Amino acid sequence: MNVGEEGAVVRAAAGDHAAFGTLVEAHWERLLRLARSVVGDADAADAVQDGLLVAWRGLPALRQPDAFPAWLTRVVTRRALARARRRAPWWHRLRPLAEAESVAAPEGANGDGEIDVARLLAALAPRQRAVMHLTVIEGMSDGEIGRVLGIAAASVRSHRRRARHRLLALLQGDDSHASS
Amino acid sequence: MPRREGHPDQETQESQHRLERFEEALRRWAERPAAPPPPWPVPRSSRAGERPALPRWQLVAASLAVAAMLATASLLLRSWWAPENEAHTAAPAAAASVAAVASADEVLVLWLDPDTPLYLTLPAAVEAPGTERSTR
């Protein structure tokens with residue numbers, strides 16, 4: 001985070017809308033990508049907007065301006081997760097995860113052999129999607145992901161292991177489909 | 001010596017290869033161009049493709065209907081409630097559960113849920129001259 005952005009955080013915390021606008025522009029693309037992974041394309045922009053509103057209200061309480069990017073990521077991720085959970089039908093939450101995923105799991109690849117990432121992500125639980133995105137795209141450590149999601153690093157590893165297990169099952173099924 | 005098909009090492013390698021393919025595809029997928037941010041803040045109903053907000057008269061009508069239902073329920077509850085239980089009704093309502101509390105300087109921050117901080121500015125503690133705080 002550069003000095004200019006730290007200054008913008010301080011000004012935005014004091015109520016400067018323009019400064020907050022520059023912060024939004026600087027982080028929008030990264031946050032939108034994260035939200036697309038967690039909640040899907042259709043709701044991603046709304047999830048980011050929700051998070052930005054929460055961030056705007058909470059910014060005066062942020063003591064360390066250099067912590068802004070991580071804090072903003074945390075706020076937006078949690079809003080996206082809440083939105084993803086609301087979108088899931090309530091009976092999906094009651095079923096065991098594996099069963100729910102196997103019902104929701106579509107084929108892993110398009111007809112042309114290209115991996116259909118959106119459909120594979122949709123077969124994962126929202127928190128597993130977030131873990132995969134933060135691991136693969138943001139390159140965060142388990143500890144950093146744990147702080148974003150409010151869970152222990154060991155839980156992060158567990159979510160990632162289950163996500164990979166699920167993805168492998170879907171990808172293997174798809175490969176055997178393609179070869180038969 | 002050539003490995004038999006289905007050997008654990010080979011399966012592990014294939015699994016690893018599949019996951020790497022997925023992660024590569026995820027990177028490409030995530031890097032699709034994103035629409036620029038709307039001017040901030042944006043009234044939600046002004047964005048294309050979104051359902052317009054309810055007309056104001058509908059909101060007012062809905063609010064009145066809810067208020068009437070609550071008032072009726074309250075009257076029914078009072079008439080049903082036995083006088084001997086009156087003492088219980090006077091008990092203070094349970095406080096909203098607080099997910100986390102942090103304080104710094106003179107500001108107390110409560111999170112009623114993980115995403116909704118509530119900020120309370122506390123007055124500075126003033127001690128009367130000559131009084132000593134007990135350590136016990």
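Fair warning: this is a prediction, and the values are worked out from it, not measured in the lab. Sequence lines set the chain letters: A, B, ... in the order given, protein chains first and strands last, and positions in each chain run from 1. Just so it is clear, the values below take in all heavy atoms, side chains as well, and ignore hydrogens, waters and symmetry mates.
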**Request:** From the options A:Arg160, A:Arg147, A:His159, select the one residue that forms a side chain to side chain donor-acceptor pair (under 3.5 Å) with A:Asp142.
**Result:** A:Arg160
**Complete:** Given B:Ala30, B:Ala25, B:Pro33, the one with more heavy-atom pairs under 4.5 angstrom with chain A than any other is B:Ala30
**Prompt:** CG/B:Leu70 to CG/B:Leu77 distance, rounded to the nearest 0.5 angstrom?
**Reply:** 11.5 Å
**Message:** Can you tell me which portion of A:Ala44 sits under 4.5 Å from chain B's heavy atoms? Options are side chain, backbone, both or neither.
**Reply:** neither
**Complete:** Heavy-atom closest pair (A:Arg74 atom, A:Val148 atom, distance to 0.1 Å) is CG-O, 3.2 Å
**Asked** Does the ring of B:Trp29 carry B:Arg32 above it, NZ/CZ under 6.0 angstrom from centre and within 45° of its axis?
**Response** yes
**Heavy-atom contact with chain B under 4.5 Å, split by part of A:Leu31** = neither
**chain B interface, residue from A:Leu32, A:Asp41, A:Leu34 that has the most non-hydrogen pairs under 4.5 Å** = A:Asp41
